[in-house]
Amino acid sequence: MLLDLADAPDRRMMCVLVAGTKGKGSTAAMLARIVSASGVRAGLYTKPHLQTYRERIRVDGRAIDEPAFARGVAEVRPLVSALAQRIPDAGSPTTFELTTVLALAHFAAEGCRVAIVEVGLGGRLDATNAVDPHVSVITPISHDHTKILGTRLGDIAIEKAGVLRPGRVAILSPQPATARAALLGECRRRGAEPREVRPLSTRLVPRDALALRGEHQRVNAAAAIAAAEALAEHGLPLRRDAIASALGDIRWPGRFELVPGEPVTVLDGAHNDGSAAALAHALARELPGRRVRFVIGVMRDKDARAVVHPLLGRAAAVFVTRAPGVRGLAARELARLVRGVPVTVLEEPADAIASARASAHPGEVVCVTGSLALVGRARDVLGLPVSERLW
């Protein structure tokens, strides 16, 4: 209803929905880069932001500027009153619902031919599922938001499968067996065409040519390329000769982001079991033999034990802190989950980051993780600018 009241901006462009548990944002960003490199104006809607809310809404990699964002807010404000008049019992729309409308309206106003939209939570009942995707993508599924989506991967997969559409392509990243079976079953039931992908071949894009580091990013890159190929079947141009260079110049802050200097600092927003395991693997592969001082802050609604446990094997020390915001888990509660390595409790993230960096021995790495909100704070503390452009 909100989209219709806004003149249905989503119906003026092709749409891609990117669901899953881990890698959604990276996959969406890489797809937007490939589309843009093919000469097509692309909107990118992701969550959460790191340093400014404007990061959630981008056209050709550039964040919406402050005047355009202010205009967008002014334009969606009357929709709230209009919705209340049409459906009094609906209640007030959420910030995420209004931001979704604002983003799609901005993309339409900017002449985007395609909107690449990251699903917020689940899929079936998420606000983004109001659009009609030409292509749906489901990245690797693991445990997250279990109080809402359930604890079994098969049940979580069915919620994610809500973004599938009859007669449309569904790009499926490698999945745990139960999640894969559930997704393929939902594709059959809904009449979607599943296309399963494997990690991107080094023959197609050499390992050192992929800008986003970590083997898990080769999975995300493969899904992005497959989605671009599926869009091409709807008539969207695709420059295959530009794919490798496009994947080589994209930046996606806060996802195994290396901050140069001494000590080398890694910023990664891993906040569930699957993403923490991927981070541990990436640290071992990208920075072999180097011990890590972790700065960890987790939200209360996450499984903190599942985040901490995969990282302890590489830890020289752990500095626990409270992730920014009202949902941040108290540092002392988080400290109880750390076993076998020295642990320091510092509630203020800036203090934890400074202490970890100051105490690092030569050759050691500092890694800030557990929450994208914490990573955003770390970028501020380290003096890193807002990523106004991704390429």
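A 4.5 Å side-chain heavy-atom check between R190 and R165 finds every atom pair outside the cut-off. Under the 4.5 Å side-chain criterion, counting only non-hydrogen atoms from C-beta, V119 is in contact with V163. In this structure, L98 and V80 have side chains that are in contact, with non-hydrogen atoms separated by less than 4.5 Å. Looking only at side-chain heavy atoms (C-beta outward), L212 and M30 come within less than 4.5 Å of each other. Side-chain contact between L104 and Y45 is absent, with no heavy-atom pair separated by less than 4.5 Å. Within the 4.5 Å cutoff, the side chain of S387 has heavy atoms near those of the R58 side chain. E257 places none of its side-chain heavy atoms less than 4.5 Å from the side chain of T265. Side-chain atoms of T344 and V318, non-hydrogen and from C-beta on, never get closer than 4.5 Å to each other.
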Original post:
side chain to side chain contact (heavy atoms under 4.5 Å, CB included) between V292 and L311: does it pass, once the steps are laid out?
Top reply: CA-CA 9 Å; V292 183; L311 305 176; over 6 Å; no

Subject >> Test side chain to side chain contact (heavy atoms under 4.5 Å, CB included) applied to V298 and H271, step by step >> reply: CA-CA 7 Å; V298 182; H271 57 269; 6.0 Å; no

Original post:
Can you check side chain to side chain contact (heavy atoms under 4.5 Å, CB included) on L172 and V197, steps first, answer last?
Top reply: CA-CA 6 Å; L172 305 180; V197 299; over 6 Å; no

Subject >> Test side chain to side chain contact (heavy atoms under 4.5 Å, CB included) applied to V114 and C15, step by step >> reply: CA-CA 6 Å; V114 60; C15 293; over 6 Å; no

Subject >> Test log, rule salt bridge (charged side-chain N to carboxylate O under 4.0 Å, His left out), inputs E348 and R322 >> reply: CA-CA 7 Å; E348 172 52 48; R322 184 191 291 268; over 6 Å; no

**OP:** Kindly indicate, with the supporting measurements, whether the criterion salt bridge (charged side-chain N to carboxylate O under 4.0 Å, His left out) is fulfilled by E229 and R240.
**Re:** CA-CA 9 Å; E229 291 171 340; R240 296 180 185 278; 2.9 Å; yes

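Within the model, atoms CG of D268 and CG of L283 stand 7.5 Å from one another, a figure rounded to the nearest 0.5 Å. Expressed to the nearest 0.5 Å, how far CG of N220 lies from CG of L31 amounts to 11.5 Å. With rounding to the nearest 0.5 Å, the separation of CG in D60 from CH2 in W391 is 6.5 Å. How far CZ of R305 is from CG of D273: 13.5 Å, rounded to the nearest 0.5 Å. Rounded to the nearest 0.5 Å, atoms CD1 (I171) and CG (L17) are 13.0 Å apart. One finds the CZ atom of R62 at 15.5 Å from the CD1 atom of I57 (value rounded to the nearest 0.5 Å).
Judged by distance alone, with hydrogens and angles left aside, the side-chain atoms of R218 form a donor-acceptor pair with the main-chain N or O of V205 at under 3.5 Å. Judged purely by atom type and a 3.5 angstrom limit, R379 has no side-chain atom pairing as donor or acceptor with the backbone of R377. When atom types are taken as modelled, the side chain of T369 and the backbone of A276 share no donor-acceptor pair closer than 3.5 angstrom. R327 contributes no side-chain N or O that, together with a main-chain N or O of P324, makes up a donor-acceptor pair within less than 3.5 Å. Side chain of E286 to main chain of F256: no donor-acceptor pair is present (N/O by atom type, distance under 3.5 Å, no hydrogens or angles). Between the side chain of T321 and the main chain of A352, no donor-acceptor pair closer than 3.5 Å is present. A donor-acceptor contact shorter than 3.5 Å links the side chain of S38 to the backbone of R239.
Shortest non-hydrogen contact noted between V341 and A315 is CG1-O, 3.5 Å. The two residues L102 and V73 make their nearest non-hydrogen contact at CD1-N, 3.5 Å. Counting all heavy atoms, side chain and backbone alike, L5 lies closest to L79 at O-CD2, 3.6 Å. Taking all atoms of both residues into account, the shortest heavy-atom contact from A232 to L238 is CB-CB, 4.1 Å. Residues A331 and V320 come closest through the heavy atom pair O-CG2, 3.5 Å. Across all non-hydrogen atoms, the minimal contact from V35 to A42 is CG1-CB, 3.8 Å.
Taking a cutoff of 4.0 Å between a charged side-chain nitrogen and a carboxylate oxygen, R357 and E262 do not qualify as a salt bridge. At a threshold of 4.0 Å, the pair E388-R54 counts as salt-bridged, since one of the basic side-chain nitrogens sits closer than that to a carboxylate oxygen. In summary, R77 and E75 do not engage in a salt bridge, as defined by a charged side-chain N under 4.0 Å from a carboxylate O. Here K160 does not pair with D126 in a salt bridge; the nearest charged N to carboxylate O distance is not below 4.0 Å. A salt bridge links R168 with D132; the closest basic N to acidic carboxylate O contact falls under 4.0 Å.
Inspection of the R152 and T178 side chains reveals no N or O donor paired with an N or O acceptor under 3.5 Å. Between the side chains of T99 and Y53, at least one donor N or O sits under 3.5 Å from an acceptor N or O.
Partner of E364 under the salt bridge (Lys or Arg N to Asp or Glu O under 4.0 Å) criterion, out of R291, R290, R293: R293 alone.
A side chain to side chain donor-acceptor pair (under 3.5 Å) check over residues 242-253, counting only residues at least two apart or in different chains, returns the pairs S26-W252, R33-D249. Among residue pairs with one or both ends in residues 101-124, those qualifying as side chain to side chain donor-acceptor pair (under 3.5 Å) are R41-E110, R124-E159; sequence neighbours excluded. The ring pair (Phe, Tyr, Trp, His ring centres under 6.0 Å) contacts involving residues 287-330 comprise nothing, where partners must be two or more places apart or lie in separate chains.
Under the 4.5 Å side-chain heavy-atom criterion for ILVMFWY residues, a single connected hydrophobic cluster contains both M1 and F96. Criterion: ILVMFWY side-chain heavy atoms under 4.5 Å apart, direct or through other members. Under it, L312 and L334 are part of a common hydrophobic cluster. Under the 4.5 Å side-chain heavy-atom criterion for grouping Ile, Leu, Val, Met, Phe, Trp and Tyr, I353 is not connected to V308 through any hydrophobic cluster. Under the 4.5 Å side-chain heavy-atom criterion for Ile, Leu, Val, Met, Phe, Trp and Tyr, V345 and L374 are members of distinct hydrophobic clusters. In the hydrophobic clustering of this structure, M299 does not group with V375; members are Ile, Leu, Val, Met, Phe, Trp, Tyr whose side-chain heavy atoms approach within less than 4.5 Å, directly or through other members.
Residues that satisfy the side chain to side chain donor-acceptor pair (under 3.5 Å) test with R314, not counting sequence neighbours, are absent from this structure. Taking the side chain to side chain donor-acceptor pair (under 3.5 Å) definition, one finds that E55 meets it with nothing, sequence neighbours left out.
Hydrophobic cluster of I158: no remaining members, since no ILVMFWY side chain lies below 4.5 Å from it.
Remark: R195 CZ is packed, more than 12 non-hydrogen atoms of other residues, nucleotides or ligands lying under 6.0 Å away.
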